[in-house]
Each structure stands twice: as C-alpha cells, then as structure tokens.
Amino acid sequence: MQMPLTSFQTQANPAPPGRRFGLEAKAWQLKRWLIVASIVVSALFLVATIAVVFTLRAKVMEENKLQQRRLALVLAEQLDRSFQSIELVQQAIAADITRMPVARDADFKARLGTQPIHDSLRAHTIGLPHISGLTIRNADGELINSSFGWPIPDDVLSPNPAAFFRANPNATSTLGEPLLNPETRKLSFFISRRLSFPDKRLAGYVNGTMDLDYFEDYFASVTPAEHASIALFRDDGTLLVRFPREPELIGKTFPAVEQNFTTPSIEFRRDSAIDGRDKLIAIRRLEHYPVRVVVTSTVVEALALWRRTTQYIVLAAATVLTLVALLAFFGVRRFTKVINSSNAQFTTAINNMSKGLVILDRNARYIVSNDGYVRMYGLPAQLAHPGCDLRETLAFRIATGTFKGDPDVYLRQVRDLMATGRRDEYTMQTDDGRLIHVVNEPIPGGGYLSTHDDITASRQREESFKLLFENNPIAMWVYDQDTLRFLAVNDAAVSQYGFARNDFVGRPITEIRPPEDRSRFLDFVETIPVTDYGERIWRHQRADNSVFEVRVYSHALSYEGKNARIVAAIDVTAQREAEKRIAYIAHHDKLTDLPNRSSFDEHFTAVIAAAAGQHSRIAVMCLDLDGFKQINDLNGHSTGDQVLRAIAERLQATAEEAFLARVGGDEFTLIGTDNADRSQSQRLAERLIAAVQEDFFLDGQRFRVGLSIGIAVYPDHGTDTKTLLGNADLALYRAKAKKRGTAQYFNSEMDVRVRERRAMQEELRGALQAGEISLHYQPQVAMRPEASRQVIGYEALARWTSKKYGNVSPDIFMPLAEESELIADIGEWILRDACREARSWREPKTVAVNISPRQFQQIDLPNLVQMVLLDTGLPASRLELEITEGVLIEDFARAVSVLRRLKALGVEIALDDFGTGYSSLSYLHAFTFDRIKIDRKFVMDLDTSRHSQAIVRAVIGLGQSLNVPVLAEGVETEAQFALLAREGCHAAQGYLTGRPQPPSELFSETRSIDTRARKEA
C-alpha cells in the first residue's frame, strides 16, 4: 500500500529510497567483500593444494619404507627358521652318532658309511624343500656318506670345512660360500656342523646343502615391484642369493654393502652398489646367523602412484579455482539484481504487514511507519510520516487512550535503549481493552525498529487453549512444524513419557520414537494432512527407552506466531497387547505353544490352495504317542505335561520347516512338502519317530514314549482337507494296529479294513457297561502220580458275546482293546471279577489272570492288585498273574522292578507262552518265576514231532533244574498227557482236562474230572 504524501514527501520530491533505507551502500559493500573473499579463498585453496601434494609425497615415501621394513623383518624371521631347521636336522644326526659306539676314526667310517645311515640322511630331508642334501665327512675331509644316492656318487658336492674347524676349535657350525653343485647343476651354499668323539676330539662334519634356486623362487614370489630386489649377504659382504638373478655376482664380496651392516636393522636411501639406481633400502640381520636380508625398491617406482595422484589433484584444483571465479562473477551480478528488486519490494512488503512497524532515527524521528501502525492507534497521516517527531505521536495517543505515561520519560528510555543497544519488549493495554505487544530493537549506527502487534484475540484463544490443554488427561503437546521441536507439553505427557517439562520443551519430536521408526515418521510428516484422525498406530519411546504403542490425533494451528501442530497421543499398548494375546491364544496350544487345531485348519486350507495352483505335492501326517497315557496314570498329569512339552520341542526341532500343530491330548498333525516317490515324507516320518523314541529325563526319572504316524499325500489320497485328514487318520489307525512305532501310508484297502475294525472297536467300547464281557474258567490239573489230574487251579479267560457280532474270539477283541487303550479298563474288570469269583469258591484253588504288555505299562499294576485283593478279600497266595515275554521286552529294568513289587504282595507270577519270545533264559536268570507255561504250539504235535518233544523235554528239565513248576497248555489227547507225565511235567491245561466254563457250570465240570481220575486210578 502507498504511504500518504506529506509536506516532507511530495510527488515532485519523493523521499529517495537509498537515504531512507541505505540499501545501495550496503549492496556495494557486500559486493566488494564478496570479490575479496573469492580471491582469498582461491589463494588459500592453492596453498593448501601445494601442501597436500608435498605431504602426500612424504607419506608415500614413509609408507614404502615401512613396507620394506616389514618385508625384511618377515623374510629374516622366515629364513632364520629355515636355517635353524637344517641345524635341528644336524643336531639330530649328531645325537644319533653320539649314541653309537664310535671312539676311533675307523669306527666312524665303518659305522657311518652304511646304507642305513644313508637312508636316515634321506629321511631327514623329507618335508624340508629348502634342504637339497646332507653329507658326512670325517676329520680328514673324506666323504663318508650322502643322502644324494647309494652307493655314494663320485661327484657329490660337499665342502670340506676341516681348515675352519681346526682354526676355530670352539666353533660348532659355519656357513659356507656358494658353490656349483655337480649333482643338481645349481649354485648351492652349505651349513657345516662339527661332529666329535666322546673325548671331544674332532671326528668329522655333517654338511647341509641348500640350493639357491629355492630362495630365488621364494624371493620372486614376494618381490613387490618390477625393479625391486631381495638379496642375502653374509656379514662380510658376500652375496649369497639375489632376485632378480645375477649369477655372475653370486659369491662376490661388496665392501660398499658391508659398511651398512653396523646394526641389526637399518633403512636408508642410496644409489644401489649393484645396479646404480636410486633406491630405498631396508636391511635386517638374521637372529641366529651371520646373514642379512637386503630389500630394495627404486624411488621412481615408489613415487609412481604419487605422481599420478598429483596430476589428478592439480587438475581438480584448477577446476575448483575456475568454478570459484565463475561463481564469484555470476554471484555478484545476481546479487546486484536481487538487491535492486528487494529495494523495490520493501515498501510494498512493510505496508502489507499485519503488525505495526516503525523505524526511528537517533533523534526519535520517523524514518518508516507502515499502515498497520497508523490503523492500530488511529493516527492522523501527518503524525506518522518520515521526519515527524515521536513526541507529537505520543501526545495524540495519550489523548486517545492508547498510551499511558509521561512522553518525556518514555523518550529518555528510548534514547537509553539506543545508546546501550538493549532490546525492549513489553505488552500494554489500551483504554478500550486491547492488548498490544511491543518490541523495540536498536539499529546499529543509531535509531531503533519497533513492532506493534495487537494480540487481543490470540491471547484470548491462548487462554482457552491452555485451559483445555493443561488439564486434559490425555497426553498432548504442540510442536513447531518447521523445526520439529516441542513448544509445549501438558502434565499428562510429562507423566506418560517420563521427561521433565524443561527437558521436554525444545526437544526434537523424533526423540520420543524408537530410532528405527524415525525415518518412516519423517516421511509421514512431509505428507501429513491438516487434520490427522488417528488412523495409524505408532510406536513411541519413554525417557527410560521403554517402547509403547499410541494412536495419534493431530491438527495444524498457529501457536505464538509459529506454524505448529497440536497432538493428542492415546496409549493403546495394553489394548494392542491384549488383542495380540487373544489372537495368539486363539491359534496356539497353551501347553506346548504349538499351533492348535484352528490354526492348523486355516493353514491347511491355504496350503492346499497353493499346492493346487503350483501343482506341488503335500504330505499330511497324523501323529499319535504310544505309551503316553501310562506316564499320566503313573506319574500324574503335571509330569505328563512336562513330557508332552519336551516331546513337542523335539517334534518341532525335527519338523524344521514343516507345519506342526497339536490337535488333541497326545495327538499332533503335520503338513510338509513331498516328492513323487514319497521319499521326502518317509525320511521326515523316520526322523520324527527316532526323535521321540529317545528317552526323556525329567527330575531324575527316565521316560520312554513311542510314536505312530499315518500319512496321506495330496493329490494321491485326496484333494480337500477333510478327505486328506480322514485318510491320514485311517493310516494312523493301521500303523497302531499293525506295529506301533511305525509310519503307514494310506491305501484304499486300508479304508475298508480300518472302518470295520473301528466299528468293532466302538462296539467293544460299550461292551463292559452292556454286560457283554464275561469270564470263563479252565481248570489246571496236576500230573504227578500221587495227585493225578487233581484240579489245582483255574485260568480266567475273557469272552465277548456281542449283540451285533455274536461270539467274538479273544484273539480278535483283545488286540482291539490294546489298540484303543481299553485294555486298562477291561483288564482291571477281569482281575477284579476273577478275584471276586475265586473268593466265593468252596475250595481254596488258585485263579490265574493274564496281564497284557499294554496293561503292564499303562497302570501302576502293584497298587491295582493290592487294592483288588483288599476289596475282594482274596488271599494273595491264591492269585497267579500270567505275563508274556512281551512285558519284559519293552522296558526290562522297569518290568523286573514291577514284578518284584508284585511278588512282595504274595501273588504268584507265571511266565506264559514260554519259548516263543526272544530271550527267555535271560528272563529266568533275572527273576524267579513261580511257574513256567509251555506254549500250546509245542504241545499240539508232541506225539508226532521229535523237535517238539526235544523242546518240551528241555523246558521241563530247565524247570526241574531251577525248581520251577512247569505247566503245559493245549493238552488235548491222552498220548500228549502221558508223554508229558513221563517227562516230569507238573501240570496240564487243555480240552482233555476241561474246557473253559462259566462260573455256574464250573464245579460240575470239576466233579466230573475228579470222578474220571478216580476211575482211571
């Protein structure tokens, strides 16, 4: 907006901008300083470039010296060890000779000039490529033996160091000069070692030969540059080895080199005594030998990289200086245009400010005043034009109620401010209730700038905002959107984040976020809308670095004149954790932490869909534990849970990438990939079975569990989840029925057989409650003449009369009971009913009850037997428990322990089906049985088979030797009975002596047996 014209500023004589604002003079000063600064920067850059070039040269030289020093050190240590290895060989040979009975020259030659000594010398050189040969000479220098060949070749190179050792009687070894080896046609040098008789007289020498080619090849492999060299000198300056090769120089002495051998290690720069080049030289003496390693490299090669680098640096420096000159030129020109444009825009800008602006000179007269200042105080135009005295304005404002105080006092304060350069800031209230914020800023050179801001409305908004902000229970803050720093925080934020308020304000807002989330948050800030409705969940971080989740709502606003944003952060950590935990619990088994059936169903559906699209094969496995119920019954569910967790861990580790879930008490399912020949699923099943079969040790106890697996393969055995799971379950049923601890694949025939068995198994499950299972009793009779065929007891045999299947053989329904875990209930019922029935007999006969291996494993049998005996009142001596060898096979140590506990109760133990197992004799040795029962298959053809007769005779003889009674089962003919009686069998059982009968017919059958026995007698 154009300022009003006054008597001091007219159309014909406007106020010159340069005088009003001083912009042109300042622009010229800035341009001049810009040019000077460009020249100074260029000069400093040039000096720095030169310094860098020469510093780099010195550093390159030092680096090359250091590399040569290290190489010389490494070579010296390596060569010292190589020489020492020769001396170690020589010492070993000398030690061997010392142990020989060699006291005279004749003995020396006779004993050391043999082929075994030659073989020993050759053996010492094996594995030492730097040793080309070993020779032995006597004190007269005569060659006694050599490793070069046998018989000893005539042209063996072996120096005679006799003169040296006679001149130096205390010396033990010497390093010889290079010689041409006639054997290898190569230059070689030698290390000779003195050999002495027991009386310390010189006996001879052992020489170690080293070809120079070995060292030349080694030096060639480590030489760092084309014109570099590595050489070996003796301390007297004699050249032994050098690379690059100089054959004509080998063996020559170089006094110019020797004069540098004053210290063990030295580095210097000098012209080479061999090729005359300017070189960096590093010398290192071997620790144990008068030999030095000399490593050299030419200065030209050392500085090659420096020269190339210098060219790049000079080129870069020239480019930079050119750019600086161009930038200075275009910068000055651009700066001039900007200043001219700014000068034109300044007047328009200040007249469009929302604040009132006043610039006074040192005499408190107006230089500039904008329209905002005039409107704010309602000033007449003539009181605010350039040149007007501030005193006149103050008088008008006093009259209108916009200024309070003494104008003279105020003017003195203004002059004091200008004189001291202090800044003044205050807020005043006018008579009409407005709040005006005033800032007085001194101007260098005199005068000051004053801004006046009507903050009435903003102060009212701030007061309302503070009331809502400070007392809000939700964590809130305001931050500057330009600097991203906190401007204000409420008490709830201080409490929630743990920062003190003073530490909070001014802190970057990124610091309440984990470091890994800050980049993503800054990207979000770039595109944040005016209002953020909290659609995202963010992670925040407290002062103690703990992380929690918040839902953030925000809105852009102006705060204290700044582009700000107010934020409310609601802590949703507990809510989110609860949601996650609920989701996790819903999909995982609480005990094993494996996926549960719900999770399995979801995953299975997804896997089948993916397999259909990819035409891949999937194996579905149903896993069921064998023997786990016994652990629960014997040790309690707490122990069972521990074992189940351990099993789950093993299965998970073995399954690797396959998906494993627990779907029942001891049932698991698994989904994994398979190949066309099913070998992948077969191997996995074998690994799973092997993993579970290993013993578990918990709290000092050992537990053994088995695993049976049924497998169905997509798409061979079904294309939907229900069919595949059902077929895998049928395969599992077949595995448990056929042989536990195995894996079975589904087939179509299995489906029919398994369904039939399952149907019968379901019928059996209700047979006890329906009263369909009963006991029949078969008599056992004595065979000794004095008590011929007298009934001594009865065996209880289970019978099932099904409404659906009729009479079912025990050979069919008892295995079904074992498969379905019903054997525990049925076995307990049989034991209890047999004891109850026996207690009612008039005569105190024994009753024999069969105990199956599954029943033996599943329950605490001794406690059960004791409880049944107490409940029925049957004496323990009248109860005989029959077990098969299968009871002992599963866990022999535990089985023997259980049998001993049963024996302690007073019951008798019979070994049933003897001879049909694997290690019957070992069982008889481990436990004393009360009876041995010969299996019926050995009795049925006893009268026709010599083999059966021999087996029966052996078993009876074994029983007699052990003083254990023997009972034969399946006796059906008089011939069989007679033969068994002759062999000394104690008792018999079979159709000949009585068929199994129900209790109601039992004693009538017994009376008929007794009558028949008396007639025969």
Side-chain angles (χ1 to χ4, degrees), residues 458 461-588 593 595-596 598-599 602-603 605-606 609-610:
S458 63
R461 289 194 300 271
E462 286 179 10
E463 291 300 326
S464 299
F465 168 77
K466 286 181 179 179
L467 182 63
L468 176 64
F469 180 80
E470 290 293 344
N471 299 318
N472 203 308
I474 297 174
M476 299 180 70
W477 60 83
V478 179
Y479 73 87
D480 189 330
Q481 294 198 94
D482 297 324
T483 64
L484 298 182
R485 291 182 179 272
F486 290 101
L487 298 175
V489 296
N490 69 354
D491 291 339
V494 171
S495 174
Q496 180 166 293
Y497 288 87
F499 293 102
R501 188 181 295 272
N502 292 338
D503 294 336
F504 224 139
V505 176
R507 181 183 295 271
I509 61 175
T510 54
E511 292 189 6
I512 63 168
R513 289 164 175 81
E516 61 270 20
D517 293 356
R518 293 172 185 176
S519 176
R520 185 167 65 93
F521 170 70
L522 291 175
D523 292 339
F524 171 73
V525 167
E526 295 293 330
T527 58
I528 189 171
V530 174
T531 301
D532 180 7
Y533 295 99
E535 297 176 354
R536 298 189 181 196
I537 301 296
W538 294 93
R539 296 197 312 156
H540 281 192
Q541 181 173 282
R542 298 186 178 90
D544 60 2
N545 294 326
S546 61
V547 176
F548 62 104
E549 293 182 315
V550 295
R551 187 179 297 278
V552 176
Y553 301 86
S554 68
H555 183 75
L557 51 72
S558 176
Y559 182 83
E560 295 181 350
K562 297 176 181 177
N563 177 27
R565 178 173 285 271
I566 184 170
V567 179
I570 301 175
D571 187 348
V572 296
T573 305
Q575 175 188 342
R576 296 271 290 176
E577 287 298 326
E579 292 173 354
K580 292 177 183 177
R581 184 61 184 165
I582 291 171
Y584 188 87
I585 291 173
H587 289 83
H588 286 78
D593 206 34
N596 59 14
S598 174
S599 179
E602 292 179 9
H603 182 76
T605 302

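Side-chain atoms are counted along with the backbone in the values below, which use heavy atoms only and exclude waters and symmetry mates.
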Listed partners of Phe469 passing side chain to side chain contact (heavy atoms under 4.5 Å, CB included), at least two apart: Phe465, Met476, Val478, Ala488, Asn490, Ile566
Residues that His588 engages under side-chain hydrogen bond (donor to acceptor under 3.5 Å, both in side chains), provided they are two or more places apart: none
Taking every non-hydrogen atom, the tightest pair across Ala543 and Gly498: CB-O, 3.6 Å
Where at least one partner belongs to residues 487-496, residue pairs that pass salt bridge (charged side-chain N to carboxylate O under 4.0 Å, His left out), sequence neighbours excluded: Asp491-Arg501
Pairwise side-chain contact, Lys562 with Thr483, heavy-atom cut-off 4.5 Å (strictly under): no
Of all pairs that satisfy salt bridge (charged side-chain N to carboxylate O under 4.0 Å, His left out), the ones with a partner from residues 472-482, not counting sequence neighbours: none
Heavy-atom closest contact (Val489 atom, Val505 atom, distance): CG2-CG2, 4.4 Å
With Val572 via side chain to side chain contact (heavy atoms under 4.5 Å, CB included) - residues at least two apart: Ile537, Glu549, Arg551, Ile570, Gln575, Arg576
Reported CD-to-CG distance for the pair Glu602 and Asn596, which is rounded to 0.5 angstrom: 8.5 Å
Derivation of the side chain to side chain contact (heavy atoms under 4.5 Å, CB included) call for Phe499 and Ile512: CA-CA 10 Å; Phe499 293 102; Ile512 63 168; 4.1 Å; yes
side-chain hydrogen bond (donor to acceptor under 3.5 Å, both in side chains) involving Asp544 - partner list, sequence neighbours excluded: Ser546
For Pro508, side chain to side chain contact (heavy atoms under 4.5 Å, CB included) partners two or more places apart: Arg485, Thr510, Glu511
Those residues that, when tested against Tyr479, pass ring-ring contact (aromatic ring centres under 6.0 Å, His included) (two or more places apart): none
Parallel, tilted or perpendicular: rings of Phe504 and Tyr497 (30°, 60°): perpendicular
Partners passing salt bridge (Lys or Arg N to Asp or Glu O under 4.0 Å) against Asp503 (at least two apart in sequence or in another chain): none
Sub-4.5 Å side-chain heavy-atom contact between Arg513 and Arg520: no
Side-chain heavy-atom pair Arg518, Gln541 within 4.5 angstrom cut-off: yes
Ala492 to Pro473 - nearest heavy-atom pair and separation: CB-O, 3.4 Å
Side-chain donor/acceptor pairs under 3.5 Å, residues 521-531, sequence neighbours excluded:
{"from": "Thr527", "atom 1": "OG1", "to": "Phe524", "atom 2": "O", "distance (Å)": "3.4"}
{"from": "Thr531", "atom 1": "OG1", "to": "His555", "atom 2": "ND1", "distance (Å)": "2.6"}

Arg507 (side chain) donor-acceptor with Phe486 (main chain) under 3.5 angstrom: no
With Asp571 via side chain to side chain contact (heavy atoms under 4.5 Å, CB included) - residues at least two apart: Gln496, Arg542, Phe548, Thr573
Those residues that, when tested against Tyr553, pass ring-ring contact (aromatic ring centres under 6.0 Å, His included) (two or more places apart): none
More than 12 heavy atoms from other groups under 6.0 Å of OH on Tyr584: yes
